[in-house]
Amino acid sequence: MSDKVKIKIAFFDAKDYDIASFEEALGDKNFKIKFFDTKLNTDTAKLAKGYDVVCVFVNDTVDEKVIASLVKKGVKLIALRCAGFNNVDVRYAKDKIGVVRVPAYSPYAVAEHAMALLLTSVRRIHKSYIRTKDFNFSLNGLMGFDLHGKTVGVVGTGKIGRVFIDICRGFGMNVIAYDKFPAKDSDIEYVDIKEIWKRSDIISFHCPLTDETYHMVDSKSIKNMKKGVVLINTSRGALIDADALLEGIRSRHVGAACLDVYEEEADVFFEDRSGHIFEDDTLARLISMPNVIVTSHQAFLTKEALTNIAHTTLDNISEYLSTGKCANEVNV
Ligand code: NAI
């Protein structure tokens, strides 16, 4: 097939692992992809001129201004290569440009990462790893606690939340959950959010970021949690008010925090900032705490997930451009 009829995709915020997985999925399919390492924003939207599709990730800016600019340039589709779409002004996009996403690529990747963070935190693996590298075999300060018998509160019982629940049950934990739309066909013990705060030794977040869930963890809800609670966030950073969390850690009310996402992550995560003066005081302070573990939005990053993301994204694009519809379209 000649280059002329190929679907042209401007791929923003491209990392080496994206390029490898998309090139593998591409095979001889009808696409031509230009990989840009820059993020999509008002300044870079001009790069999309002449392309049919923009392919974006979690920290690209797809607000009203950017969408208007893309539409003007003839771009027909915004293809998110992720599940969450809180960075896209879907209301503004309606009837102007299509928006598709990858609703599921590996719930196991994210749920397993949440458990990896929890185990690392409660068994102090992050500390002992560094110690033994320096031939320090002291056990002082490494005491953890059993997960068996503890109560975990799961907020959001969709694809990832449910896998996480299964993992926790395997550890012999008591699971309670809160979801705005509880699953009908399950044996999950649903409680209201106040019960989650009150009863949980560990709370893990697996719900989307919306106006309702924004800062659901703030100074008020932290006060209602058990002293020593462990918080795990692999969902979206702004579910947690980071300053309130820092205060909770400082006051010793929050026992530990495991964060794969951070509310101001867009300018920091996915980049190598070592050797730079770090400007975000809240994140710097959180990272400096012995009981806070931060990973850089890497919960999705498994071989299986990347393969699924690449294939589903390309299928979404084909389907939308050939039929004007897509099963994975994001609607208001
Ligand atoms: P899902 O759509 O299958 O499940 C989300 C659940 O949250 C649903 O059961 C829904 O009813 C519930 N929910 C909606 N509004 C709620 C509210 N106000 N309060 C409580 N629950 C509410 O989504 P999935 O695939 O399980 O993903 C969950 C979240 O994980 C995504 O929204 C995304 O932000 C995040 N994520 C993070 C990744 C990472 O690499 N760290 C990768 C993939 C997803």
Side-chain angles (χ1 to χ4, degrees), residues 13 15 17-18 21 56-60 80-88 90 101-118 153-168 175-186 188 190-197 200 203-218 221 231-240 257-263 265-266 268-270 293-310 312-313 327-331:
D13 202 11
K15 303 286 186 249
Y17 51 81
D18 292 315
S21 59
V56 298
F57 197 51
V58 292
N59 290 324
D60 289 291
L80 287 149
R81 53 180 191 279
C82 53
F85 51 88
N86 51 285
N87 55 330
V88 180
V90 182
R101 67 177 181 129
V102 184
Y105 39 86
S106 172
Y108 310 103
V110 182
E112 287 171 15
H113 191 76
M115 182 48 91
L117 287 172
L118 177 60
V154 176
V155 180
T157 56
K159 293 174 283 296
I160 296 169
R162 282 195 186 208
V163 174
F164 186 70
I165 287 173
D166 287 344
I167 294 173
C168 289
V175 178
I176 55 174
Y178 168 73
D179 196 301
K180 196 177 171 193
F181 309 100
K184 291 191 182 78
D185 56 335
S186 79
I188 298 168
Y190 283 103
V191 297
D192 68 25
I193 195 73
K194 285 191 187 136
E195 284 274 305
I196 295 280
W197 302 154
S200 304
I203 305 175
S204 193
F205 295 90
H206 303 287
C207 61
L209 175 62
T210 62
D211 290 347
E212 249 175 305
T213 59
Y214 177 81
H215 282 188
M216 67 194 302
V217 175
D218 58 10
S221 51
L231 300 177
I232 311 164
N233 190 4
T234 55
S235 187
R236 284 292 180 266
L239 298 181
I240 297 182
C258 306
L259 310 174
D260 185 52
V261 286
Y262 171 67
E263 60 177 325
E265 72 180 47
V268 183
F269 280 14
F270 307 124
I293 298 176
V294 175
T295 52
S296 322
H297 205 139
Q298 75 176 68
F300 73 99
L301 197 64
T302 65
K303 172 85 184 127
E304 292 78 3
L306 289 178
T307 302
N308 289 339
I309 287 171
T312 308
T313 302
N328 292 331
E329 197 169 351
V330 180
N331 290 309

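Index from 1, following the sequence. All heavy atoms count here, side chains included; hydrogens, waters and symmetry mates do not. As the structure lists them, so they are numbered: ligands from 1, and atoms in each ligand from 1.
With a 4.0 Å heavy-atom cut-off, ligand 1 is reached by the backbone of His206 but not by any atom from C-beta on.
Taking atom 33 (C) of ligand 1 as the reference point, the nearest protein heavy-atom neighbour is Arg236 NH1, 3.7 Å. Among protein heavy atoms, the minimum distance from atom 7 (O) of ligand 1 is reached at Pro208 CD, 3.3 Å. Among all protein heavy atoms, the one lying closest to atom 2 (O) of ligand 1 is Lys159 NZ, 3.9 Å. Residue, atom and distance of the protein heavy atom nearest to atom 16 (C) of ligand 1 are Lys180 CB, 3.7 Å. From the protein, the heavy atom lying nearest to atom 4 (O) of ligand 1 is Gly158 CA, 3.2 Å.
Ligand 1 has a nitrogen or oxygen under 3.5 angstrom from a nitrogen or oxygen of Ile160. Between Thr234 and ligand 1, an N or O atom pair is found at a separation short of 3.5 Å. When only interatomic distances are considered, the shortest N/O to N/O separation between Phe300 and ligand 1 falls below 3.5 Å. On a distance-only criterion, Tyr178 and ligand 1 share no N/O pair closer than 3.5 Å. Every N/O-N/O distance between Tyr105 and ligand 1 stays at or above 3.5 Å. Any N or O atom pair closer than 3.5 Å counts here, and Asp179 shares at least one such pair with ligand 1. The shortest N or O to N or O distance between Asp260 and ligand 1 is below 3.5 Å.
Around atom 17 (C) of ligand 1, the closest heavy atom drawn from Ile309, Thr213, Val154 belongs to Thr213.
For the pair Arg81/Arg101, no side-chain contact is recorded, criterion being any heavy-atom separation below 4.5 Å from C-beta on.
A 6.0 Å sphere centred on NZ of Lys15 holds more than 12 heavy atoms belonging to other residues, nucleotides or ligands. Few gaps surround OH on Tyr190; more than 12 heavy atoms of other groups in view lie less than 6.0 Å from it.
Side-chain N/O atoms of Gln298 and Asp260 include no donor and acceptor closer than 3.5 Å. Donor-acceptor pairing under 3.5 Å is recorded for the side chains of Thr295 and His113.
Listed by atom number, the atoms of ligand 1 under 4.0 Å from Val110 heavy atoms are 38 (C), 42 (C), 43 (C). Of all atoms in ligand 1, numbered sequentially from 1 with element shown, those under 4.0 Å from a heavy atom of Ala299 are 39 (C), 40 (O), 41 (N). Interface of Thr157 with ligand 1, defined as ligand atoms under 4.0 Å from a residue heavy atom, comprises 9 (O).
Electrostatic pairing of Lys159 and Asp166 does not count as a salt bridge here, judged by no charged N lying under 4.0 Å from a carboxylate O.
With sequence neighbours excluded, the residues forming a ring pair (Phe, Tyr, Trp, His ring centres under 6.0 Å) with Phe270 are Phe57, His297, listed by chain and number.
Cys207 counts as a contact of ligand 1, since one of its heavy atoms falls under 4.0 Å from the ligand. Residue contacts with ligand 1 include Ser235, since one or more of its heavy atoms lies under 4.0 Å from the ligand.
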Take Val175 and Val154 through the side-chain contact (heavy atoms from CB on, under 4.5 Å) test and state the conclusion after the steps. CA-CA 7 Å; Val175 178; Val154 176; 4.2 Å; yes
Kindly determine whether Ser200 and Ile203 satisfy side-chain contact (heavy atoms from CB on, under 4.5 Å), including the steps that lead there. CA-CA 6 Å; Ser200 304; Ile203 305 175; 3.5 Å; yes
Is there a side-chain contact (heavy atoms from CB on, under 4.5 Å) between Phe164 and Cys168? Walk through the geometry before answering. CA-CA 6 Å; Phe164 186 70; Cys168 289; 3.4 Å; yes
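Using cut-offs of 30° and 60° for the angle between ring planes, the Phe300 and Tyr105 rings count as perpendicular.
Sorted by first and then second residue, the salt bridge (Lys or Arg N to Asp or Glu O under 4.0 Å) pairs with a member in residues 206-215 read Lys180-Glu212; sequence neighbours excluded.
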